Amino acid sequence: MSAQSTPGPGTAGEPGGDGPRRRAKGRRRKPRSRHHKGLLISAWTAAGIVVLGGTGVGYVYFKLNGNLESVDIDQVLGTDRPTRTDNGSQNILVLGSDTRSGGNRKLGGGTDDGSARADTAMILHVHEGHRKASMVSIPRDTLIDRPACTDTDGGSHPAASGVMFNSAYSTGGAACAVKTVESLTGIRMDHYLEVDFSGFQRLVDELGGVEVTTTQDIKDPDSHLYLEAGPHRLTGEQALGLVRTRHGVGDGSDLGRIQLQQAFLKALLEQVKDVDLFGDPKKLYDLADTATKTVTTDSALGSVNSLMSFASGLKGIGASDMTMVTMPVVYDPADPNRVLLARTKADQVWTALRNDRPIPRSATQGTATGEAEGVVN
């Protein structure tokens with residue numbers, strides 16, 4: 001399940017690398033109120049809903065605008081960043097964290113240890129013309145070298161080697177996560193979107209559920225998910241369990257969970273296309289209200305007008321127009337619960353996105369997978 005690759009700077013402990021692996025522990029800190037965020041993928045779907053919800057005026061507009069929360073990523077990161085591309089494409093970091101505090105505790109499962117980690121991270125690349133998109137999932141268990149970063153409160157955090165990718169968020173919040181992704185890829189993130197557990201569940205329920213077919217039984221007490229093989233219309237709670245499970249299917253790794261998340265996202269995109277929102281004004285408003293409460297954005301998207309404009313450029317992209325891959329990695333020989341960046345193959349992915357080209361199939365061939373492909377259709 002692994003492929004050999006040539007290591008480079010920023011690859012922590014890859015076989016054949018220049019020196020010993022240093023296993024620094026990711027720092028944990030109590031989350032600020034703006035970081036009571038949780039999982040997932042529906043940031044993009046939520047943004048599309050806002051386009052519809054934003055058709056109202058007056059009270060509705062100001063209510064939705066007041067729901068939004070934003071982070072000034074650009075001010076925190078300054079000018080020491082990759083340059084913006086001028087080929088008409090956009091790159092968005094979609095992030096969720098696994099905080100167990102507050103209202104998300106019951107939904108998230110596990111214990112409330114006062115920390116927040118990046119539970120899900122995806123780079124969404126919207127190609128020129130906004131008719132196609134590529135999405136690259138970053139495994140949370142990837143060992144990386146995290147750059148020094150500053151959080152939105154002005155706190156400084158030194159660089160660390162051999163730490164898990166998801167520690168960037170728990171160390172310095174959204175700004176540190178963005179800087180880490182930019183350091184890892186060499187690609188400028190034009191925008192940032194984050195979603196919480198409870199909002200994700202409400203969005204799925206308000207959409208009327210999402211239809212999927214499972215090809216095998218899924219039983220995972222940790223994520224409260226029990227599904228027999230066959231067709232299902234998932235409730236919000238079941239959907240949340242599906243995109244969080246890692247022990248119920250596949251090899252029990254985060255890579256398998258990523259495969260389930262990508263399959264669910266495609267089903268979610270298809271579901272949104274089939275919902276007649278204009279035929280039910282109350283449902284439309286409820287969805288828009290939940291969507292704007294669910295997402296945290298960078299400051300450039302921190303208004304309904306900006307989010308509407310952004311989302312309108314995505315609404316024509318369906319599941320068949322999406323290419324979804326996982327960042328090329330190999331299993332860590334020293335710890336099967338961790339993965340290492342397959343540098344040479346990953347560079348093929350980053351080069352393709354930087355030049356607004358399709359991701360070559362060779363970039364992911366022979367790399368580690370989670371053995372959960374095809375479990376959800």
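All of these numbers come straight from a predicted model, not from anything done at the bench.
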Can you see which heavy atom on [X] is nearest to which on [Y], and at what distance?
X: P328; Y: A363; result: CG-O, 3.3 Å
X: Y169; Y: L95; result: CD1-CD2, 3.4 Å
X: A168; Y: A177; result: CB-CA, 4.2 Å
X: L341; Y: A346; result: CD1-CB, 3.7 Å
X: I138; Y: I258; result: C-CD1, 4.3 Å
X: L64; Y: V304; result: C-CG2, 3.6 Å

Item to check | Sequence-distant partners of H232, ring-ring contact (aromatic ring centres under 6.0 Å, His included), two or more places apart | outcome: none
Checklist outcome for this item: Sorted by chain and number, sequence neighbours left out, ring-ring contact (aromatic ring centres under 6.0 Å, His included) with H127 holds for H125
Does one side chain, of [X] or [Y], offer a donor that lies under 3.5 Å from an acceptor on the other?
X: N87; Y: S89; result: yes
X: D289; Y: N67; result: yes
X: S303; Y: S306; result: yes
X: S137; Y: Q261; result: no

Contacts of type side chain to side chain contact (heavy atoms under 4.5 Å, CB included), residue [X], not counting sequence neighbours:
X: D190; result: R84, Q90, N91, R188
X: V76; result: T150, T152, A175
X: N355; result: T351, R357

Sub-3.5 Å donor-acceptor pair from the side chain of [X] to the main-chain atoms of [Y], do we have one?
X: R338; Y: M164; value: no
X: D298; Y: A300; value: yes
X: D321; Y: G318; value: yes
X: T245; Y: G241; value: no
X: Y331; Y: N337; value: no
X: K179; Y: R146; value: no
X: D254; Y: R140; value: yes

Kindly compute the distance separating [atom1] ([X]) from [atom2] ([Y]), expressed to the nearest 0.5 Å.
X: L242; Y: T214; atom1: CG; atom2: OG1; answer: 8.5 Å
X: M135; Y: I359; atom1: CE; atom2: CD1; answer: 10.5 Å
X: I123; Y: S134; atom1: CD1; atom2: OG; answer: 11.0 Å
X: D205; Y: E237; atom1: CG; atom2: CD; answer: 9.0 Å
X: L234; Y: E211; atom1: CG; atom2: CD; answer: 9.5 Å
X: Q348; Y: S362; atom1: CD; atom2: OG; answer: 4.0 Å

Checklist entry - Should R244 and L225 be marked as a side-chain contact (heavy atoms from CB on, under 4.5 Å) after you check the CA-CA gap, both sets of side-chain angles, and the distance that decides it? => result CA-CA 9 Å; R244 294 194 64 247; L225 182 66; over 6 Å; no
Is there side-chain contact between [X] and [Y], with heavy atoms separated by less than 4.5 Å?
X: V329; Y: L255; result: yes
X: S299; Y: I73; result: no
X: D74; Y: R81; result: yes
X: D356; Y: T85; result: no
X: V249; Y: Q216; result: yes
X: P147; Y: E182; result: no
X: Y192; Y: L301; result: no
X: L287; Y: L207; result: yes

Checklist entry - When you look at D220 and R257, which way does the salt bridge (charged side-chain N to carboxylate O under 4.0 Å, His left out) test go after all the steps? => result CA-CA 12 Å; D220 184 3; R257 174 166 58 182; over 6 Å; no
Checklist entry - Checking side-chain contact (heavy atoms from CB on, under 4.5 Å) for the pair F310/T297: CA distance, chi angles, key distance, verdict? => result CA-CA 12 Å; F310 168 73; T297 72; over 6 Å; no
Next on the checklist: Is there a side-chain contact (heavy atoms from CB on, under 4.5 Å) between H157 and D151? Walk through the geometry before answering.
Outcome noted: CA-CA 8 Å; H157 306 278; D151 59 42; 2.9 Å; yes
Item to check | Worked check of side-chain contact (heavy atoms from CB on, under 4.5 Å) between Q259 and V375 | outcome: CA-CA 9 Å; Q259 291 175 317; V375 173; over 6 Å; no
Item to check | Atom CZ of R131 with >12 non-hydrogen neighbours under 6.0 angstrom | outcome: no
Checklist entry - Which residues pass the salt bridge (Lys or Arg N to Asp or Glu O under 4.0 Å) test with D286, sequence neighbours left out? => result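 If we apply the salt bridge (Lys or Arg N to Asp or Glu O under 4.0 Å) test to D286, skipping adjacent residues, the hits are K282.
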